[in-house]
Chemist: 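Just dropping this structure here.
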Amino acid sequence: ARDIFQGKNLVGFVSYLNANYTTEHQDVDSNLHLSALLRLCQHRSKRMLLYISELVFEKINSGSSLEQAFNMWSNEIKNMAVAVCQVYTMEKFIEAIGQIKENCLASVLTDVCKFYCVFNIVENIGDFLQFNLLTQEQIKLLKTAMYNQLSKIRPSAVALVDAFDFSDRLLHSALGRYDGQVYQALYDYAKLAPINSKEVHDSCKEHLLPFLKE
Amino acid sequence: IHPNLIKERKGATFDPYTLTCLLWGGDEVVKHKRNLVASLENDPNLQDENLSDFLSQEEKIDFAIKKTIYLFRKLGMNEREYFMFLFQNFYPSQQLGFPLHFAMFASTLKLLCNPEQANYWLPKAFNLEIVGSYAQTELGHGTFLKGLETTAVYDPLNEEFVLNTPTITSTKWWSGQLGKVANYCIIIAQLYIKNKCYGNHPFVLQIRSLEDHSFMPGVITGDIGPKMALNSIDNGFMKLDNVRIPRNQLLMKYDQVLKDGTYISGPNKKSMYASMMTVRCAIIMASAQSLAAACTIAVRYSVVRQQSEAEQGAGEQSVLNFQTQQYRLFSALSTTYALFFAWKSVNEACQQILTDAAQGKTDQFLFLHSILAGLKSQSTWLATKYIQTCRECCGGHGVSSASGLPLLESHTAVSCTYEGDNTVMILQTGKFLLKC
C-alpha cells in the first residue's frame, strides 16, 4: 500500500495491484468470463487494501503507533489478506486451465472454475457492494449464472472425484467406496468393533443389571 | 459396482485419468505410485488397517512406529518421498511414526548446515541413523519468536554452548515425536556471548542415548497429554538443565561463532524460517488432499444415496440431483481444485526461491514467507469448513467413523492451529501487504 501511494511498481503476486481499475465491470455478466471475474476480484482486493491503509494511516496520523493502528484494524486487515489469497487461488486455477490441451478436460474444469469464482463473489457480496463494484442487476445475473453452473458440473461430478485417484483403503470410508456398496460395508465394519465381540457388554452385566434388579 | 455409479461414470464428459495425471505430476508418477501400492497390497503385515481405529493412545504410537519401520525396511530409503503417501494409503487413521524427521529435522539440517556440518549430519539424518524432531515453540511462547526464553550461553574456555530452559514457560513443546521418539532435535534458543544476546539461533541437540534411548544428562522429555487429533504422534515437551553441546552444533551456514566467541552475522536473518516454509507448503497440499478425499466420499455417496421424490410417483432419486446438495458439494469440489492449482504454483515458487536462497539470493524470501502464511491459513480454513460440509452432506452416516469423515475433519481442523494459528498467519500476509 505504501508503494502504491508512492507510485512504485509492485512485482510478484501483488503486481496486479498496479492496475488502475477505473472502469466499471460491465463485462461481468451471465457468461461468467473468467478474466472478467478475476479482474473484478482483483479490484475488490485493491480497494480493500487501500481502504484499510487509509484507516491505518489515519490512526497513525492521530498519534497512534503502527502497532496500535494495526491492532485496531487487524480484523479488517485479516479480511483483506483473505481476499488477496482468493485472488491468488483464482488466478492459478485459471492459469492451470489455460495450459490444458485436452478440450474435454479443459471444458469441464472451466465450468468448475467459473463456479469457484462466482461462488466466492456471491459469498462475499458485501465487499463488492461496499465499493460499488457491482450493480443489483449484475448480482441477480451472477446468482442465476452460478446456479446454472451446478447443472453443468453435475454430469461430471463422479469423474471429477474419481480423478483424485484415492484407493478405497486410503479413503477408509464405507460411504466413499469406488463400488458404491455402502450399506454392506457399514455392516462389515460394525462386525470388527470390539464392542460387538460379546453379546452382553461387561458394564451391563456388572452395573446395569444389578441396578435394574434393585 | 452400484448401478448409479456405473451410470454416472458412463456419462462423464472426459477421461478422469488425464485429470489424475495433471493433479499428481504426470503419468509416470501416477503409475509409480500405483505400482508401489500394488506391490504392498497383499503383504500380510499391512492388512490390519481397521484394527487401528480401536486402539488407545499408547497403542496408536506403538502401532505407528512399528508399521513405519516396517515400511522403511521393506522399501529402503530410495522411495523416501513416497513413505507418507504409502503410509496414509495403508493406515489412513494413523500418522507416520516420525513425520517431522524428514519434514523438519533433516530439511533444516540441509538448509542451515555449513559444508563441514552437512558432511557429518546429513548422512546420519537421511539414512535414519538418528531420529530427529524440532523444538522451537515453548509452553508460554509461540509466534513471537523474540519472546523465546530458552538460552544457549557460549563458554569459550570449553568451546561449548550451555543450554537451559530456565522457566516453566520456556519448556519446549512440539507436537511431533519430541517427547518419546526422537533422539535428536533442532532446538531454537537465544544465543548469549559474554552476556550479550544475539537473538534466536538453531542448534542440533542430542536428547536421548543411542544405546538405550534414555535421557541425555540434563534433558527431560515427555508427552504433555492427549490431543484433539493425530494421537499416534506424541505431544512432546522438553526441559533442559545446563546441557552442554560442542560449538560446532550451532548450525553455522549463515551466522557463526568462532572459538574465541567472536560472532559473525550471516547475510540473511530470515533463513531460519526456511524449513517452516516448506512445511507450510506441504500443509497447503495436505489440505487440498484431505478435502479431495472428503469430496470423493460425499459425491459418490450422494449418488448412491436415494431420498425423496422430485415428483409424486417418480420414485426416490440420488440426493446429488437436489440443488442444495449440488451447491454445497460443488462449492467444496471447486475449492479443492482451486487449492490444488494454487499449491502447484506456490510449490514451484517455493522450490525456486529456496534454491536461490541457498546460493545467497534472498530477495524473494519475504514474498514467499508472506504468501505461504496466507495460503496456509486459507487452505486449512477452507478444507476444514468444506470437509464439515461434506460430512453434513452424508447425513447421519457422516457422523459415523466408518464414513471416514470425522477423522478427516478432526485431522484437518487441527492444521488451522499447528504450524501457526491461522489468524496470526494471515495477519503476517496483511502486514506484508501494508508494507509493500
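These numbers come from the heavy atoms of this one structure, side chains and all, not from hydrogens, waters or symmetry mates. We name chains A, B, ... by the order of the sequence lines, and we start the count at 1 in each one. Source: prediction; values computed, not measured.
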Chemist: One pair to check against side-chain contact (heavy atoms from CB on, under 4.5 Å): B:Arg305 and A:Tyr183. What are the steps and the verdict?
Modeler: CA-CA 10 Å; B:Arg305 180 71 171 188; A:Tyr183 304 107; 3.0 Å; yes

Chemist: Where is the tightest heavy-atom contact between B:Pro16 and A:Ala163, given as atom of each residue plus distance?
Modeler: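 Smallest interatomic distance, heavy atoms only, reads O-CB, 3.5 Å.
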
Chemist: For A:Tyr88 and B:Ala342, which heavy atoms make the closest approach, and how far apart are they?
Modeler: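 Distance-wise, the nearest heavy atoms are CE2-O, 3.9 Å.
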
Chemist: Counting only heavy atoms not in A:Lys198 (residues, nucleotides, ligands), do more than 12 fall under 6.0 Å from its NZ?
Modeler: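 Check fails, neighbour count at 12 or below.
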
Chemist: Which one of A:Leu160, A:Asp168, A:Ile52 has the most heavy-atom pairs closer than 4.5 Å to chain B?
Modeler: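 Winner by heavy-atom pair count: A:Leu160.
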
Chemist: Could you go step by step and tell me if B:Leu434 and A:Leu49 meet the side-chain contact (heavy atoms from CB on, under 4.5 Å) rule?
Modeler: CA-CA 7 Å; B:Leu434 284 171; A:Leu49 173 62; 4.2 Å; yes

Chemist: Which one wins on heavy-atom pair count under 4.5 Å against chain B: A:Pro194, A:Gly12, A:Ser53, A:Ser167?
Modeler: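 Ranked by heavy-atom pairs under 4.5 Å with chain B, first place is A:Pro194.
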
Chemist: Side chain, backbone, both or neither: which part of A:Ala190 has a heavy atom under 4.5 Å from chain B?
Modeler: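 Neither the backbone nor the side chain of A:Ala190 comes within 4.5 Å of chain B.
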
Chemist: Would you check, one step at a time, whether the test side-chain contact (heavy atoms from CB on, under 4.5 Å) holds for A:Leu175 with B:Cys394?
Modeler: CA-CA 8 Å; A:Leu175 306 189; B:Cys394 292; 3.7 Å; yes

Chemist: Using only heavy-atom distances, determine whether the side chains of A:Ser173 and B:Tyr301 contain a donor-acceptor pair under 3.5 Å.
Modeler: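 A:Ser173 vs B:Tyr301: no donor-acceptor pair found between side chains.
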
Chemist: So for B:Asn422, is it side chain, backbone, both, or neither that comes closer than 4.5 Å to the heavy atoms of chain A?
Modeler: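 For B:Asn422, neither part sits under 4.5 Å from chain A.
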
Chemist: How about A:Gln136: does its CD atom have over 12 heavy atoms from other parts shown lying under 6.0 Å from it?
Modeler: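 For A:Gln136, atom CD is not crowded (no more than 12 foreign heavy atoms under 6.0 Å).
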
Chemist: Measure A:Phe13 against the heavy atoms of chain B and call it side chain, backbone, both or neither at under 4.5 Å.
Modeler: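 For A:Phe13, backbone and side chain are both near chain B.
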
Chemist: Quick one: does B:Gln289's side chain get under 4.5 Å of A:Phe166's, heavy atoms only?
Modeler: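 B:Gln289 vs A:Phe166: side chains touch.
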
Chemist: Find the one option among B:Gln428, B:Lys33, B:Gln323, B:Lys435 whose heavy-atom pairs under 4.5 Å with chain A are most numerous.
Modeler: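 If we count pairs closer than 4.5 Å to chain A, B:Gln323 comes out on top.
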
Chemist: Between B:Tyr327 and A:Tyr147, does the ring centre distance come in under 6.0 Å?
Modeler: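 They qualify: ring centres under 6.0 Å apart.
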
Chemist: For B:Glu41, which atoms come within 4.5 Å of any heavy atom of chain A: side chain, backbone, both, or neither?
Modeler: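 Both parts, backbone and side chain.
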
Chemist: Non-hydrogen atoms of chain B under 4.5 Å away: do they reach the side chain of A:Ser151, the backbone, both or neither?
Modeler: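 Backbone only.
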
Chemist: Over 60° means perpendicular and under 30° means parallel, so classify the ring planes of A:Phe164 and B:Phe340, tilted if in between.
Modeler: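 Geometry flag for A:Phe164 against B:Phe340: parallel rings.
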
Chemist: Do you know which of B:Leu320, B:Thr429, B:Thr335 has the most heavy-atom pairs with chain A at a distance under 4.5 angstrom?
Modeler: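 Of B:Leu320, B:Thr429, B:Thr335, B:Leu320 has the most heavy-atom pairs under 4.5 Å with chain A.
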
Chemist: With only heavy atoms counted, which part of A:Val11 is less than 4.5 Å from chain B, the side chain, the backbone, both or neither?
Modeler: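 Contact with chain B involves no heavy atom of A:Val11 at all.
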
Chemist: Going by the salt bridge (charged side-chain N to carboxylate O under 4.0 Å, His left out) test, which pairs reach into residues 154-166 of chain A, not counting sequence neighbours?
Modeler: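 Residue pairs passing salt bridge (charged side-chain N to carboxylate O under 4.0 Å, His left out), neighbours aside: A:Arg154-B:Glu8, A:Asp162-B:Arg9, A:Asp162-B:Arg300, A:Asp165-B:Arg34.
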
Chemist: How close do B:Thr423 and A:Lys78 get, heavy atom to heavy atom, and via which atoms?
Modeler: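 Of all heavy-atom pairs spanning B:Thr423 and A:Lys78, the closest is CG2-CD, 4.1 Å.
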
Chemist: Yes or no on side chain to side chain donor-acceptor pair (under 3.5 Å) for B:Ser401 and A:Tyr189, after CA distance, side-chain angles and deciding distance?
Modeler: CA-CA 10 Å; B:Ser401 289; A:Tyr189 183 86; 5.1 Å; no

Chemist: For the CZ atom of A:Arg169 and the CZ atom of B:Phe90, what is their distance to the nearest 0.5 Å?
Modeler: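 It is 5.0 Å, given to the nearest 0.5 Å.
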
Chemist: Look up atom CZ in B:Arg328 and atom CG in A:Leu150, then write down how far apart they are to the nearest 0.5 Å.
Modeler: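 B:Arg328 atom CZ to A:Leu150 atom CG measures 12.5 Å (nearest 0.5 Å).
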
Chemist: For A:Asn103, does the CG atom have more than 12 heavy-atom neighbours from other residues, nucleotides or ligands under 6.0 Å away?
Modeler: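 It does not: A:Asn103 CG has 12 such atoms or fewer within range.
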
Chemist: With a 4.5 angstrom heavy-atom cut-off, is it the side chain or the backbone of A:Met146 that approaches chain B, or both, or neither?
Modeler: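 Just its side chain gets close to chain B.
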
Chemist: What part of B:Trp343 gets closer than 4.5 Å to chain A, counting heavy atoms only: side chain, backbone, both or neither?
Modeler: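 The answer is neither part of B:Trp343.
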
Chemist: Please tabulate, one pair per line, all N/O donor-acceptor pairs under 3.5 Å involving side-chain atoms of residues 110-117 of chain A, not counting sequence neighbours.
Modeler:
| from | atom 1 | to | atom 2 | distance (Å) |
| --- | --- | --- | --- | --- |
| A:Thr110 | OG1 | A:Ala106 | O | 2.5 |
| A:Lys114 | NZ | A:Asn31 | O | 3.3 |
| A:Tyr116 | OH | A:Thr89 | OG1 | 3.1 |

Chemist: Should the heavy atoms of other residues, nucleotides or ligands under 6.0 Å from NZ of A:Lys143 be counted, would the total exceed 12?
Modeler: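 12 or below, so no.
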
Chemist: When you measure from the side chain of B:Tyr91 to the backbone N and O of A:Leu170, does any donor-acceptor pair fall under 3.5 Å?
Modeler: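 It does not hold such a pair.
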
Chemist: When you compare the side chain of A:Leu109 with that of B:Leu22, does any pair of heavy atoms fall below 4.5 Å?
Modeler: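 When only atoms from C-beta onward are counted, A:Leu109 and B:Leu22 do touch, with a gap below 4.5 Å.
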
Chemist: Can you tell me which of A:Ile195, A:Leu171, A:Ile97 forms the most heavy-atom pairs within a distance under 4.5 Å of chain B?
Modeler: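 Among A:Ile195, A:Leu171, A:Ile97, the one with the most close pairs to chain B is A:Leu171.
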
Chemist: What part of B:Leu23 gets within 4.5 angstrom of chain A, counting heavy atoms only: side chain, backbone, both, or neither?
Modeler: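 Answer is side chain: those atoms of B:Leu23 sit under 4.5 Å from chain A.
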
Chemist: At their closest point, which heavy atom of A:Ala159 faces which heavy atom of B:Ala12, and how far apart are they?
Modeler: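 The answer is CB-CB, 3.6 Å.
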
Chemist: Among B:Ile1, B:Thr336, B:Leu405, B:Leu329, which has the most heavy-atom pairs under 4.5 Å with chain A?
Modeler: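 Top count of heavy-atom pairs under 4.5 Å with chain A: B:Ile1.
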
Chemist: With rounding to the nearest 0.5 angstrom, report the CG to CG distance, A:Asn120 to B:Leu382.
Modeler: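 Between A:Asn120 CG and B:Leu382 CG, I get 7.5 Å after rounding to 0.5 Å.
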
Chemist: Going by heavy atoms in the side chains, are A:Asp179 and B:Leu5 under 4.5 Å from each other?
Modeler: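 Answer no - side chains too far apart.
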
Chemist: Could you state the interatomic distance from CG (B:Leu333) to CD1 (A:Ile153), rounded to the nearest 0.5 Å?
Modeler: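 Result: 7.0 Å between the selected atoms.
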
Chemist: Nearest heavy-atom pair of A:His172 and B:Pro92: which atoms, and what distance?
Modeler: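 Smallest interatomic distance, heavy atoms only, reads CB-CG, 3.3 Å.
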
Chemist: Do B:Lys431's NZ or CZ and the ring of A:Trp73 fall within the cation-pi criteria of under 6.0 Å and 45°?
Modeler: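 Because its charged atom misses either the 6.0 Å distance or the 45° angle limit, B:Lys431 does not stack over A:Trp73.
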
Chemist: Under 4.5 Å from any heavy atom of chain A, what part of B:Val30 do you find: side chain, backbone, both or neither?
Modeler: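 Only the side chain of B:Val30 comes within 4.5 Å of chain A.
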
Chemist: With chain B as the partner, which of A:Val14, A:Val56, A:Val82 has the greatest number of non-hydrogen pairs under 4.5 Å?
Modeler: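 So the answer, after comparing A:Val14, A:Val56, A:Val82, is A:Val82.
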
Chemist: When you look at OH of A:Tyr187, are more than 12 heavy atoms from neighbouring residues, nucleotides or ligands closer to it than 6.0 Å?
Modeler: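 Result for OH/A:Tyr187: open.
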
Chemist: Calculate, to the nearest 0.5 Å, the distance between atoms CZ and CG belonging to A:Phe93 and B:Leu339 respectively.
Modeler: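 Between atom CZ of A:Phe93 and atom CG of B:Leu339 there are 9.5 Å.
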
Chemist: As an exercise, state the distance from NZ of A:Lys152 to CD of B:Gln326, rounded to the nearest 0.5 Å.
Modeler: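 Interatomic distance, A:Lys152 NZ to B:Gln326 CD, rounded to 0.5 Å: 13.5 Å.
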
Chemist: Answer with side chain, backbone, both or neither: which region of A:Gln86 has an atom nearer than 4.5 Å to a non-hydrogen atom of chain B?
Modeler: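 Answer is both: backbone and side chain atoms of A:Gln86 are under 4.5 Å from chain B.
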
Chemist: If you compare all heavy atoms of A:Leu105 against all heavy atoms of B:Phe14, which two are closest, and at what distance to 0.1 Å?
Modeler: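 Closest heavy-atom pair between A:Leu105 and B:Phe14: CD1-CD1, 3.7 Å.
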
